[in-house]
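Working notes, structure below.
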Amino acid sequence: MADKQISLPAKLINGGIAGLIGVTCVFPIDLAKTRLQNQQNGQRLYTSMSDCLIKTIRSEGYFGMYRGAAVNLTLVTPEKAIKLAANDFFRYQLSKDGQKLTLFKEMLAGCGAGTCQVIVTTPMEMLKIQLQDAGRIAAQRKTLSGQAQLSGRGGAQPPVEPPAAPRPTATQLTRDLLRSHGIAGLYKGLGATLLRDVPFSIVYFPLFANLNQLGRPASGEKSPFYVSFLAGCVAGSAAAVAVNPCDVVKTRLQTLQRGVNEDTYSGFLDCARSCGTRAPQPS
């Protein structure tokens, strides 16, 4: 097959470059996703993704949308390298009989890839979420402080803006987690990450491979770029929608600093039950 002619190092380089470009392009959307997933119990600062991005730019500037991006840019290359290499390895092992992979075997290969990638994904997500959500918590505290001052003064005087809390850095967070919890601190939410990434890869890799196969002009030839691009978009969108509930739970479990009146959770089931039974309240 044509894809076997591409060397593993070339695939890893391509995956790393694609990961870097992807992070750069979609990171603001990812930041909005994290903040929307974390707001709860009536303390809703944002009504939609666009509202979140607009308020983020107003309060934190344009580069505020990229808070935490350095962590992803640093770790996305090894993450994609492990994911792609593992998927290729399992596909090769499962196709040694020379037969075309069945859908079930493609799903098994995706399962193996998703399982392997959490080695890097879990600490990367753990650090990224704290950096992304710090702006939401600061904005919430600022809003509540202003409301309290207006209420106490009867609205006669403008509220005094509280001093901004220092923003954490990835290095500081890593050092604090290692000091207090050891390496396990960086792997908080590992189970939830597995429950998100394994199903994602089970859906994504087989769906992409089969959609991409449909666009091949002839046997043994590569699909045009636009076909691979569209196949990746459709497969990624379908997989993301399928695992979004697990992603919400993972985000909330990995968040270390809570806002005012926000819940803490004892585990995956407790968080999933809470997310499913408590409807959002108006702000």
- Minimum heavy-atom distance A192-L253, with the two atoms named: CB-CD1, 4.0 Å

- Query: Without hydrogens or angle criteria, can the side chains of T169 and T171 be said to hold a donor-acceptor pair below 3.5 Å?
  - Reply: no

- Item | Close side-chain approach of L173 and M126, heavy atoms under 4.5 Å | no

- Query: Which heavy atom in P28 sits nearest to a heavy atom in L53, and how many Å separate them?
  - Reply: O-CD2, 3.3 Å

- Task: Find the distance between CG (L207) and OG (S237) and round it off to the nearest 0.5 Å.
- Result: 10.0 Å

- Indicate, with yes or no, if F63 and I57 share a hydrophobic cluster defined by side-chain heavy-atom contacts under 4.5 Å among Ile, Leu, Val, Met, Phe, Trp and Tyr. yes

- Mutual orientation of the aromatic rings belonging to Y204 and F200 [parallel < 30°, tilted 30-60°, perpendicular > 60°]: parallel

- Is L73 linked to L127 within one hydrophobic cluster, defined over Ile, Leu, Val, Met, Phe, Trp and Tyr using a side-chain heavy-atom separation of less than 4.5 Å? no

- Query: Taking a hydrophobic cluster as the set of Ile, Leu, Val, Met, Phe, Trp and Tyr residues connected by side-chain heavy atoms closer than 4.5 Å, whether directly or through intermediates, do L75 and L177 fall within one such cluster?
  - Reply: yes

- Message: Using only atom types and a distance under 3.5 Å, with no angle test, would you say the side chain of Q132 pairs donor to acceptor with the backbone of A32?
- Response: no

- Message: Salt bridge check, D88 against R91: does any charged N sit closer than 4.0 Å to a carboxylate O?
- Response: no

- Note on the structure: To the nearest 0.5 Å, atom CD of Q213 lies from atom CZ of F208 at 11.0 Å

- Message: Would you compute the distance between atom NZ of K142 and atom CG of L45 and round it to the nearest 0.5 angstrom?
- Response: 11.5 Å

- Message: Which heavy atom of M65 sits nearest to which heavy atom of L31, and what is that distance?
- Response: O-CD1, 3.6 Å

- Item | Exercise: do T255 and D133 side chains pair donor with acceptor under 3.5 Å | no

- Only residue of T77, I82, V76 satisfying side chain to side chain contact (heavy atoms under 4.5 Å, CB included) with V120 is I82

- Side-chain (Q39) to main-chain (Y46) donor-acceptor, under 3.5 angstrom: yes

- Can you tell me how far the CD atom of Q117 sits from the CD atom of E79, to the nearest 0.5 Å? 5.0 Å

- Note on the structure: All heavy atoms of L131 vs all of R67, minimum pair found to be O-CD, 3.3 Å

- Message: With rounding to the nearest 0.5 angstrom, report the OG1 to CD1 distance, T251 to I129.
- Response: 4.5 Å

- Task: Go through C116 and F89 one step at a time and tell me if the side chain to side chain contact (heavy atoms under 4.5 Å, CB included) criterion holds.
- Result: CA-CA 11 Å; C116 292; F89 172 79; over 6 Å; no

- Task: Might you work through the side chain to side chain donor-acceptor pair (under 3.5 Å) test for R175 and Q172, ending with a clear yes or no?
- Result: CA-CA 5 Å; R175 187 167 53 245; Q172 177 188 344; 5.8 Å; no

- Query: Are Y66 and L36 connected in a single hydrophobic cluster, I mean Ile/Leu/Val/Met/Phe/Trp/Tyr linked by side-chain heavy atoms less than 4.5 Å apart?
  - Reply: yes

- Item | Residue pair N87, K83: steps toward the side chain to side chain contact (heavy atoms under 4.5 Å, CB included) verdict | CA-CA 6 Å; N87 185 65; K83 186 175 185 176; 5.9 Å; no

- Message: Suppose we screen for ring pair (Phe, Tyr, Trp, His ring centres under 6.0 Å). Which residues come up paired with F205, at least two apart in sequence or across chains?
- Response: none

- Going through the distances and angles, do K188 and H181 end up as a side chain to side chain contact (heavy atoms under 4.5 Å, CB included)? CA-CA 10 Å; K188 180 182 179 184; H181 301 288; over 6 Å; no

- If you look at every heavy atom in S228 and S223, which pair is closest and at what distance? OG-CB, 4.0 Å

- Message: In the structure I gave you, are the side-chain heavy atoms of Y187 and I119 within less than 4.5 Å of one another anywhere?
- Response: yes

- Query: Which heavy atom of D247 sits nearest a heavy atom of Q37, and at what distance?
  - Reply: OD2-NE2, 3.0 Å

- Task: Determine, using the 4.5 Å side-chain heavy-atom cutoff (strictly less than), whether L230 and L211 are members of one ILVMFWY cluster.
- Result: no

- Evaluate the criterion side chain to side chain contact (heavy atoms under 4.5 Å, CB included) for residue pair L194 and T122; output intermediate values, then yes/no. CA-CA 9 Å; L194 279 168; T122 306; over 6 Å; no

- Distance-only side-chain donor-acceptor flag, N210 / E106, under 3.5 Å: yes

- Note on the structure: side-chain hydrogen bond (donor to acceptor under 3.5 Å, both in side chains) test vs K128 passes for just one of N72, T34, D30, namely D30

- Item | L256 side, atom CG; T264 side, atom OG1 - distance, nearest 0.5 Å | 12.0 Å

- Message: For T56 and R35, which I'm curious about, is there any donor-acceptor pair between the side chains at under 3.5 Å?
- Response: yes

